[in-house]
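Counting starts at 1 for both ligands and their atoms, following the listed order. Computed from a prediction, not measured in an experiment: that's the story for all the values here.
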Amino acid sequence: MTTRRKLVAGNWKMNGLTASAAELGQMCDANPSNCDVLICPPYPLIGRFVGAAGNAHIEIGAQDCHTAESGAHTGDVSAALLADVGATAVIVGHSERRADHGESSALVRAKAEAATAHGLTAIICVGETLEQREAGGAGELVVGQMLDSVPDGATAANTVIAYEPVWAIGTGKVPTSEQIGAMHAALRAALVEKFGEGDGMRILYGGSVKPTNAAEIFAIADVDGGLIGGASLKANDFLGIVSAA
Ligand code: PGA
């Protein structure tokens, strides 16, 4: 059986200013080493945070990247530049990007390819809306979304899956342990079928993870850590979640 080291990743979304380096500083002072830890701040903070993290066991990542190497894409950022400034991972296909920017799974897959081509870990997000869950068949839908979004060349070393039910993001609503377990088992089975080594690929859960529910969620089979939004902005909350991993 493969042992997968847990990963707790913070997605700061469009939050934080230069002064937020103080929160990162507190996280680095604690220097957690029980699991892998990643913070994904907005683009302009990445270089500064890479410097601030120094030798602490905290990696810095981004929240999106473009598919192209460089070129006329105003406002976009390439995976090449992210790697160049010291990022080690990038979130792709977050539901907010899929909804706000109409990103398709095909585009997400191309972004993941660009990321891994530059040595970044691609954290590929999938998840159903409330309407989709209530209509039934969320498992099949999310597995399909994942298979459409993950590049053929994905490996356990360069790819992480994040299951984030859209209705649980920022709402305080969390699926039952049975619901999370069933979805992660379905995603795991699909990964093993497609990649063989899917056994080693990490599958994170995301959506209203807090210090108070993290231990229970991380104990579910096939949950290999979490993608944390709101609770990653404050060092105390985030470190509480990290220590539960
Ligand atoms: P949340 O967000 O923890 O604030 O629910 C999670 C996410 O969107 O990654």
Exercise for the section: For the residue pair T129 and Q132, confirm or rule out a side-chain donor-acceptor distance under 3.5 Å. Expected result: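 There is such a pair between these side chains.
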inquiry  = Between Q145 and Y163, do the side chains contain a donor N or O and an acceptor N or O under 3.5 Å apart?
reply    =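 No, no side-chain donor-acceptor pair sits under 3.5 Å.
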Pair [X] + [Y], salt bridge at N-O below 4.0 Å:
| X | Y | value |
| --- | --- | --- |
| D224 | R5 | no |
| E103 | R98 | no |
| D36 | R4 | no |

Check ligand 1 for N or O atoms under 3.5 Å from a protein N or O and list each pair with its distance.
from     : atom 1 : to   : atom 2 : distance (Å)
ligand 1 : 2 (O)  : K13  : NZ     : 3.4
ligand 1 : 3 (O)  : G229 : N      : 2.8
ligand 1 : 4 (O)  : G230 : N      : 2.9
ligand 1 : 5 (O)  : G170 : N      : 2.7
ligand 1 : 5 (O)  : S208 : N      : 2.8
ligand 1 : 8 (O)  : K13  : NZ     : 2.7
ligand 1 : 8 (O)  : H94  : NE2    : 2.7
ligand 1 : 9 (O)  : H94  : NE2    : 3.4
ligand 1 : 9 (O)  : E164 : OE1    : 3.3
ligand 1 : 9 (O)  : E164 : OE2    : 2.6

Identify every side-chain donor-acceptor pair in residues 39-55 under 3.5 Å, counting partners at least two apart or on other chains, and give the distances.
from : atom 1 : to  : atom 2 : distance (Å)
Y43  : OH     : D64 : O      : 2.8

